[in-house]
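Everything numeric here is computed off the predicted structure, so don't read it as measured data.
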Amino acid sequence: MATPAVVGGPGGRGGGAAVAPTAGGQQQQQQQGGFAQSLTGIIRIAVFWYFASKFFAPKKPSDPAILMSNLFQKGEPLDMWVYLSEHERFNDFGDEGALVWHENGIPYAVWGQESSRSLSFKYYPSEALKQNGTLYAHVFFARSGYTPDPNDPEFQPLATFGRAHPIVMYFPKSKAGKRRSLLGSSEGSDTGETLKEVIDDDQVDLKDDGPVEWVSYWKPNVTVNLVDDFTRYAHNGVPPNIAPYLNVEPTTGNYYPTIFFNDFWLLRDKLVQINGTVDELVLNLEVAPISMTKWQLFLQIDQSFQIHRSYGSMLEGEADELKRVFLEGNLYLLAVTMVVSLLHSVFDMLAFKNDIQFWNKNKSMEGLSAKSVIVSFISQLIIFLYLLDNDTSWMILASSGIGCCIEFWKIGKAMHIEIDRSGRIPMLRFRDRESYSGNKTKEYDDLAMKYLSYVLFFLAACSSVYSLMYEQHKSWYSWILSSLTSCVYMFGFIMMCPQLFINYKLKSVAHLPWRQMTYKFLNTIIDDLFAFVIKMPTLHRLSVFRDDIIFLIYLYQRWKYPVDKKRINEFGFGGEENGGDEATNANAIKDDDKKTN
């Protein structure tokens, strides 16, 4: 019986004793697994807390000892040297011919006459510069008594700073063959004439064959501004709009005064083209302080212009025109122009709203010219195709395209539009409404358009022939669009004449949308004001006043043919509310008839 005792003992190898160690090992593994999971969770929480504290914890104030500061003091006198060189890096300080301007004792960041200096002189370009060469203005500042020459034994790196600026700009030249005379060599046109417009780099047509020709232009004005900035920046906390201009000294970690070459008010038409015939060029230099706010404002406006140009919402040259208004315009006149522009936009929106509202509710074409609606759509379509052919910005194209769709929608209100599927290609068929063809309106409209079309076709033919003989175009398609668009702009007021003729024959103006026409008349008055304020061609200026005559005739007709309040209008309603049962029944019958039309 000793055997079972040995087998069942603690040190035995029996099957019954082997079960206890197995269960204990599983418990130990479970304990180890739970400890590892807890440790992993603690580590995850710690990592999450670390990043959360970095991103969301309030920033502690930086130690003043590790902040960057300006190496120069306010009001400290500075000496300035300006050198002109055809190399981007300048080291030849002993060349007296390269030194064009030297000033002493300019107080830094002090506003007054002593801190602003200017110089004008004539520069004689070299042959290399005439052949699309490069020229840089190297500007150096140093504390009074110190030298900017690093080869001088008394040179102090912490006492001098400088920056280079190109005086020559390059723009691609428009290709000569892009526009040509379609009839060949003719009077007033030169097929070999090269367009001399200054365009932006983004406007180069990369699809054209052959290399792009670049033209150099001279900046006649160079303004050097020392920024009044004594802000203490953290080494890793410099604002992104300031960091590219901050010149940090590596040994001390502080920064030099910022030199800003101010080209904000330098317009494109002030640039001088450099070629082999240019013997002398005028250069106007100026040094002056600039405030931190004004400097940032210039940078933000330039950046905004670049963004708008990249998105296509601003054409090249519009930024210069906006700057020209502030440079050459009167402040009072500018304020009046801004107010008038705002009123023009408001009246335009109100006229658009009432026009849509009128045609949406209108159920009768009695007294209205359907031909004018069709011609208005054709004119809007011609303008849209013309803008599309001339690479206009997408914002103007979208506005013109929406207007074209609205004019087509108005045709659906003025006429019945049906789809004819009898042929191979479905076609649109236009049919007059009964309210238009069943009375004298159609007869008067056809009669007016008959005689006015003779005048319009004659003027359009004369304008097209003149454009073909004396102007240059990209293609025959461009000539057709240009001729049609010119006719729309110059003779578009003729399209409003049929409505005047209908009003005269019917002796009534009650059918017209007078609220919309009032807003358009107010806009016409504003356009008259702009004709005197804004620079524009004489032909366009005269075209502004053409609509005044039409609207004055409309006003005369409104006075001549007063509205009878007892008369039932085009909507089937009378002006007097207490008109009796007969008027009510007449209104109901007429309204039912117009719904079917």
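Side chain of S115 to backbone of V110: a donor-acceptor contact under 3.5 angstrom is found. The backbone N or O of Q73 lies less than 3.5 Å from a partner atom in the side chain of E76, making a donor-acceptor pair. Under a 3.5 Å cut-off, the side chain of T160 and the backbone N or O of P157 do not form any donor-acceptor pair. For the pair E249 (side chain) and T251 (backbone), a donor-acceptor distance under 3.5 Å is present. Within the 3.5 Å criterion, the main-chain N or O of L267 finds no donor-acceptor partner in the side chain of D320. N70 places a side-chain N or O within 3.5 Å of a backbone atom of D229 that can act as its donor or acceptor partner. A donor-acceptor contact shorter than 3.5 Å links the side chain of N132 to the backbone of W214. Between the side chain of H138 and the backbone N or O of S85, no donor-acceptor pair lies under 3.5 Å.
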- Task: Give the C-alpha distance, both sets of side-chain angles, the deciding distance and a yes or no for side-chain contact (heavy atoms from CB on, under 4.5 Å) between L299 and N241.
- Result: CA-CA 8 Å; L299 295 180; N241 56 336; 5.6 Å; no

- Task: Kindly determine whether I301 and F264 satisfy side-chain contact (heavy atoms from CB on, under 4.5 Å), including the steps that lead there.
- Result: CA-CA 9 Å; I301 293 176; F264 185 81; 3.6 Å; yes

- Taking it one step at a time, do S464 and W479 satisfy side-chain contact (heavy atoms from CB on, under 4.5 Å)? CA-CA 8 Å; S464 301; W479 166 70; 3.9 Å; yes

- Step-by-step side-chain contact (heavy atoms from CB on, under 4.5 Å) determination, N225 to I259: CA-CA 6 Å; N225 290 139; I259 301 176; over 6 Å; no

- Task: Apply salt bridge (Lys or Arg N to Asp or Glu O under 4.0 Å) to R143 and D79, showing your working.
- Result: CA-CA 6 Å; R143 289 188 174 96; D79 296 342; over 6 Å; no

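If you look at Y123 and W218, their ring centroids are closer than 6.0 Å. Residues Y136 and Y83 keep their aromatic ring centres 6.0 Å or farther apart. Residues F141 and W81 place their aromatic rings such that the two centres sit no closer than 6.0 Å. Ring to ring, F171 and Y217 are close: their centroids are under 6.0 angstrom apart.
When each of Y245, F161, Y233 is tested with Y255 by the rule ring pair (Phe, Tyr, Trp, His ring centres under 6.0 Å), just one qualifies, namely Y233.
The existence of a salt bridge linking D279 and K130 is confirmed by a sub-4.0 Å separation between a basic side-chain nitrogen and an acidic carboxylate oxygen. By the 4.0 Å N-to-carboxylate-O rule, E286 lies too far from R117 to be salt-bridged with it. Between R324 and D269 there is a salt bridge, with a side-chain nitrogen of the basic residue lying less than 4.0 Å from a carboxylate oxygen of the acidic one.
Aromatic ring orientation, Y108 versus F72: perpendicular (interplanar angle above 60°, classes split at 30° and 60°).
The shortest distance between side-chain heavy atoms of Y146 and D152 does not fall below 4.5 Å.
P220 and K270 get closest at one heavy-atom pair: CG-O, 3.3 Å.
Within 6.0 Å of NE2 in H235 there are more than 12 heavy atoms belonging to other residues, nucleotides or ligands.
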